Amino acid sequence: MAGLAGRFARRWFSGLLGSPLQVPALGLHVRGPAMLASQKDFNNAVSQVKLLKEDPGNEVKLKLYALYKQATEGPCNVPKPGMLDFINKTKWDAWNALGSLSKEAARQNYVDLVSRLSASSESPSPEAPAADRKQPESDSLVVTSEDGITTIRLNRPAKKNALTTQMYHDIIAALQAASKDESAITVLTGSGDYYCSGNDLTNFTHLPAGGLEEMARSAAALLRDFVNCFIDFPKPLVAVVNGPAVGISVTILGLFDVVYATDRASFHTPFSHLGQSPEGCSSYTFPKIMGSSKAAEMLLFGKKLTAQEACAQGLVTEVFPDGTFQKEVWARLKAYSKLPPNAMRISKQIIRNREKEKLHAVNAEESSVLRERWQSDECMNAIASFLSRKAKL
Ligand SMILES: CCCCC/C=C/CC(=O)SCCNC(=O)CCNC(=O)[C@H](O)C(C)(C)COP(=O)(O)OP(=O)(O)OC[C@H]1O[C@@H](n2cnc3c(N)ncnc32)[C@H](O)[C@@H]1OP(=O)(O)O
């Protein structure tokens, strides 16, 4: 069987050598439309591919093919070849897996990839670090790719990894890049003793010229974009909960595929205490996961769950002893990252797709309710109380 597959692959890929090749970008490249690659850059990249000194391998060629088709023809629009037409079906699958990626983004990914392939075939660098670093705007988020896993690490341990406005933007950018990079699995985790203490409450103290109303409007828009990225994320998404989790870092867990927690973790959604209401689609996912009365105890009364309780209620997949947490979890993730990435994506699509429309509607409604809540006296008083050190959870 392997021999048969190999023969097919060789025949097909040798046919590709005369065709344009392209691979998705390996680095973080979230750019404004004005900075996207031009048609001329793309044409140059297409010519450059033919000059590559080293064969990039079949997997890369397949990606180049898919990106080229997406960049020139848009989303896959031809009928799926029959089961026995192995070669064309493999090509079709690769093109189809790019979904609705825009022609411009595909063109950019193609150009970025070719430029990386050219650079590495020109000057192999033995000192290059194992991890392919993709650094966001601020140091509060660290993004790395290694062993088929892209890790997005919240890195504000002195503030318990509370999420600043910039961090929401950086996480959106990191997820967008991870959805297109080479990794099979994406992980969100925290640095230090906390996973995340939720929204940074000082976000609400930077009032723009439009005042409280404008602040609430723009925060609701950002929240909606942020949660949408989790709803739409196409690859397996894993939370490695290294300590206590609060607020939005808990609610979005319902949008992850797998949640691993240390036995030191706790899960707390103190929305009523803060004069706020649920977000991250938790008003929908939590009752589905744990039943409506358990969800109400968390979301209305702010009941804090231990890791074991969260696991018993289905929010957490598995709990590990703190002493061996990192070792056990990363060993397992490395093994999972070797599984065929397309199969994992497709399985995720089947599991999640029928819920997406509903989740987007829930997200829109929760964001709009919060926009009102953030302008309420209850919310303002709770934040003032935290900032004046009178209140802690
Ligand atoms: C775009 C907008 C989208 C908005 C989406 C909305 C989301 C809703 C939520 O996420 S609600 C949850 C909000 N979070 C909180 O209310 C947590 C507030 N923090 C605390 O209660 C405590 O800090 C603690 C229980 C998390 C930890 O207590 P501990 O005693 O262990 O540690 P400290 O309090 O001394 O914390 C160390 C420093 O970190 C600062 N800090 C912690 N969390 C936050 C936070 N969420 N916002 C701002 N700052 C935070 C804390 O103030 C200390 O700072 P200092 O050293 O300068 O004093």
Side-chain angles (χ1 to χ4, degrees), residues 154 156-165 167-168 190 192-207 212-213 215-217 219-220 222-224 226-227 239 241 243-255 259 261 264-287 289-310 312-313 315-316 362-363 365-393:
L154 308 175
R156 267 187 106 204
K159 299 284 181 183
K160 311 292 181 193
N161 297 323
L163 298 170
T164 61
T165 302
M167 285 165 80
Y168 288 103
D193 62 340
Y194 256 66
Y195 174 63
C196 174
S197 63
N199 187 42
D200 188 312
L201 295 173
T202 66
N203 287 342
F204 292 122
T205 59
H206 311 301
L207 278 191
L212 186 57
E213 206 177 323
M215 186 278 293
R217 190 204 60 74
L222 178 56
L223 172 64
R224 192 171 163 181
F226 178 76
V227 175
V241 184
V246 183
I248 189 163
S249 70
V250 177
T251 57
I252 53 168
L253 292 177
L255 301 172
V259 178
R264 237 181 7 86
S266 55
F267 298 83
H268 195 186
T269 48
F271 299 127
S272 299
H273 300 67
L274 293 166
Q276 298 185 34
S277 50
E279 76 310 269
C281 293
S282 58
S283 62
Y284 177 71
T285 57
F286 279 25
I289 292 170
M290 59 185 82
S292 55
S293 87
K294 293 287 185 192
E297 216 180 1
M298 279 191 86
L299 297 175
L300 305 188
F301 300 144
K303 182 179 182 206
K304 192 198 282 189
L305 302 189
T306 63
Q308 294 296 358
E309 287 167 338
Q313 288 171 22
L315 185 62
V316 164
V362 171
N363 182 26
E365 188 190 356
E366 288 177 346
S367 303
S368 141
V369 170
L370 266 172
R371 178 174 169 179
E372 299 305 318
R373 281 278 90 210
W374 287 328
Q375 298 176 67
S376 71
D377 287 346
E378 285 182 347
C379 180
M380 285 294 114
N381 290 339
I383 291 167
S385 200
F386 172 76
L387 296 175
S388 63
R389 308 284 173 222
K390 276 191 259 160
K392 219 178 239 193
L393 295 173

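Just so you know, these numbers use all the heavy atoms, side chains as well, and skip hydrogens, waters and symmetry mates. Here the structure is a predicted model, which is why all the values come from computation and not from measurement.
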About how many Å separate [atom2] of [Y] and [atom1] of [X], when rounded to the nearest 0.5 Å?
X: Tyr168; Y: Leu163; atom1: OH; atom2: CG; value: 4.5 Å
X: Leu305; Y: Thr269; atom1: CG; atom2: OG1; value: 7.5 Å
X: His268; Y: Thr306; atom1: NE2; atom2: OG1; value: 13.0 Å
X: Phe271; Y: Thr251; atom1: CZ; atom2: OG1; value: 5.0 Å
X: Asn199; Y: Phe204; atom1: CG; atom2: CZ; value: 4.5 Å
X: His273; Y: Phe301; atom1: NE2; atom2: CZ; value: 10.5 Å

What closest approach, in Å, do [X] and [Y] show between heavy atoms, and which atom pair accounts for it?
X: Ala261; Y: Val316; value: CB-CG1, 4.0 Å
X: Leu255; Y: Gly280; value: CD1-O, 3.7 Å
X: Pro287; Y: Ala295; value: N-CB, 3.6 Å
X: Ser282; Y: Thr285; value: CA-OG1, 3.4 Å
X: Gly275; Y: Ser376; value: O-OG, 4.0 Å
X: Phe267; Y: Ala307; value: CE1-CA, 3.8 Å

Notebook entry, point to check: Would a 4.5 Å heavy-atom cut-off, applied to side chains only, mark Glu309 and Lys303 as touching?
Noted result: yes
Check: Going by heavy atoms in the side chains, are Leu315 and Phe286 under 4.5 Å from each other?
Finding: yes
Under the 3.5 angstrom rule, does the side chain of [X] hit a backbone N or O of [Y] as a donor-acceptor pair?
X: Gln313; Y: Ile289; result: no
X: Glu279; Y: Glu366; result: no
X: Ser249; Y: Ala245; result: no
X: Thr202; Y: Thr205; result: no
X: Ser272; Y: Leu300; result: yes
X: Gln375; Y: Arg371; result: yes

Note to self: Among Lys160, Lys159, Arg156, which residue satisfies the side-chain hydrogen bond (donor to acceptor under 3.5 Å, both in side chains) criterion with Asp200?
What the structure shows: Arg156
Check: Can Arg373 and Glu378 be counted as an ion pair, charged N to O under 4.0 angstrom?
Finding: yes
Next item on the list: Would you mind telling me which of Asn161, Val246, Leu253 makes a side chain to side chain contact (heavy atoms under 4.5 Å, CB included) with Tyr195?
Entry: Leu253
